[in-house]
J.: 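My structure is below; once you've seen it, I'll send some questions.
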Amino acid sequence: MPTANDILSQKGFSIHTVAPTATVLEAVERMNQLRVGAVVVMNQGDFVGMFTERDVLRRVVGQRRDPATTKVSEAMTTDVISCSPTADIDEISAIMKNRRIRHLPVRDEDGEMLGLISIGDVNAIHASNQQAHLSYLNDYVYGRA
């Protein structure tokens, strides 16, 4: 069963970050440019939170705040759960489902950020595994296995 480290090995270990002092508008422009739904908030190399599309909707648009003057630190999520690089796909899926999140940071035992797994990454793994399983069953049914 694939682990968080396996997923990151396939997709890459790059982490898109933003400073807590950036404005929401700057962060959203960066997210749009990168075509991502979340960025990691880092303060001088330290992980301090996540900034997601949901944060924009709830804490900026929903509260009628100006994105050009609101700082990321005022709108980001600070209570962030993460997983270890050895967490398997089922554990990752369960965390995302139970916590109702779409982005999960992967951190090592020292708290060092290794990467970010999205719900899209999880869905791609599940779809690939399902396709492989269907191919195996098809071969079995038709005597090719």
Side-chain angles (χ1 to χ4, degrees), residues 1-140:
M1 185 163 300
T3 64
N5 199 49
D6 297 331
I7 296 168
L8 292 177
S9 292
Q10 282 184 324
K11 74 174 268 184
F13 290 86
S14 65
I15 303 168
H16 303 298
T17 65
V18 67
T21 55
T23 66
V24 167
L25 183 59
E26 291 168 336
V28 168
E29 286 172 343
R30 179 160 170 74
M31 290 164 61
N32 286 338
Q33 176 188 28
L34 296 168
R35 296 184 142 154
V36 296
V39 288
V40 174
V41 184
M42 301 287 280
N43 188 15
Q44 298 178 346
D46 294 327
F47 174 76
V48 293
M50 294 282 300
F51 184 69
T52 69
E53 295 163 326
R54 188 176 292 161
D55 294 327
V56 174
L57 290 174
R58 286 187 177 168
R59 299 188 185 117
V60 181
V61 175
Q63 295 179 7
R64 293 179 161 68
R65 298 172 83 175
D66 181 1
T69 59
T70 303
K71 300 293 182 195
V72 167
S73 61
E74 300 170 50
M76 70 184 186
T77 299
T78 56
D79 181 24
V80 178
I81 188 167
S82 59
C83 72
S84 74
T86 58
D88 67 37
I89 191 74
D90 289 340
E91 186 179 346
I92 293 165
S93 294
I95 291 169
M96 287 182 164
K97 176 183 166 235
N98 296 335
R99 293 288 299 255
R100 299 179 51 90
I101 59 174
R102 294 176 286 179
H103 303 89
L104 184 64
V106 180
R107 299 171 74 183
D108 67 15
E109 59 277 350
D110 297 325
E112 187 73 26
M113 181 70 70
L114 301 177
L116 191 64
I117 296 176
S118 73
I119 191 71
D121 300 327
V122 171
N123 288 340
I125 294 287
H126 284 308
S128 176
N129 288 346
Q130 185 178 36
Q131 185 60 44
H133 189 68
L134 288 173
S135 293
Y136 172 78
L137 289 175
N138 189 44
D139 289 347
Y140 179 79

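All values below come from the heavy atoms of this structure, side chains included, with hydrogens, waters and symmetry mates left out.
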J.: If you look at every heavy atom in Val40 and Met50, which pair is closest and at what distance?
T.: CG2-SD, 3.9 Å
J.: State the CZ-NE2 distance between Arg35 and His16, to the nearest 0.5 angstrom.
T.: 12.5 Å
J.: With a 3.5 Å distance limit and no angle check, can you tell me whether Lys11 reaches the backbone of Gly115 through a side-chain donor-acceptor pair?
T.: no
J.: Side-chain contact test, heavy atoms from C-beta onward, threshold under 4.5 Å: evaluate it for Phe51 versus Met31 and give yes or no.
T.: yes
J.: Between Thr69 and Leu25, is any pair of side-chain heavy atoms under 4.5 Å apart?
T.: no
J.: Determine the minimum heavy-atom distance between Val18 and Ala27, stating which atoms define it.
T.: CG2-CB, 4.1 Å
J.: For the side chain of Asp66 and the backbone of Ala68, is there at least one donor-acceptor N/O pair under 3.5 Å apart?
T.: yes
J.: About how many Å separate OG1 of Thr17 and CZ of Phe47, when rounded to the nearest 0.5 Å?
T.: 11.5 Å
J.: Work out which heavy atom in Ser82 is nearest to a heavy atom in Leu104; give both atom names and the distance.
T.: CA-CD1, 3.9 Å
J.: Distance check, rounded to the nearest 0.5 Å: Met96 atom CE versus Arg102 atom CZ?
T.: 10.5 Å
J.: Under 3.5 Å, is there a donor-acceptor pair linking the side chains of Arg59 and Thr77?
T.: yes
J.: Evaluate Asn5 against Phe13 for side chain to side chain contact (heavy atoms under 4.5 Å, CB included), listing each step before the verdict.
T.: CA-CA 9 Å; Asn5 199 49; Phe13 290 86; 3.7 Å; yes
J.: Report the distance from atom CD1 of Ile95 to atom CD1 of Ile117, rounding to the nearest 0.5 Å.
T.: 9.5 Å
J.: What's the verdict on side chain to side chain contact (heavy atoms under 4.5 Å, CB included) for Val56 and Val61, showing C-alpha distance, side-chain angles and the deciding distance?
T.: CA-CA 6 Å; Val56 174; Val61 175; 4.2 Å; yes
J.: To the nearest 0.5 Å, tell me how far Ser84 OG sits from Glu109 CD.
T.: 9.0 Å
J.: Please report the closest heavy-atom contact between Val72 and Ala19, naming both atoms and the distance.
T.: CB-O, 3.9 Å
J.: Checking Asn43 side chain against Asp46 main chain: does a donor-acceptor pair fall under 3.5 Å?
T.: no
J.: Is Val39 close to Val36 at the side-chain level, that is, under 4.5 Å between some pair of heavy atoms?
T.: yes
J.: State, to 0.1 Å, how close Lys71 and Val24 come at their nearest heavy-atom pair, and which atoms those are.
T.: O-CG2, 4.0 Å
J.: Quick one: are Thr78 and Val48 in side-chain contact, heavy atoms under 4.5 Å?
T.: no
J.: Is a donor from one side chain sitting under 3.5 angstrom from an acceptor on the other, for Ser118 and Asp121?
T.: yes
J.: Compute whether any side-chain donor of one residue and acceptor of the other, for Asp6 and Thr3, lie under 3.5 angstrom apart.
T.: yes
J.: Evaluate the side-chain proximity of Met113 to Pro105: yes if any heavy-atom separation is below 4.5 Å, no if none is.
T.: yes
J.: In the structure I gave you, are the side-chain heavy atoms of Arg58 and Thr52 within less than 4.5 Å of one another anywhere?
T.: no
J.: Can you see which heavy atom on Pro67 is nearest to which on Thr23, and at what distance?
T.: O-CB, 3.7 Å
J.: About how many Å separate CG of Asp88 and CE of Met1, when rounded to the nearest 0.5 Å?
T.: 5.5 Å
J.: Is any side-chain heavy atom of Ile92 closer than 4.5 Å to a side-chain heavy atom of Ile7?
T.: yes
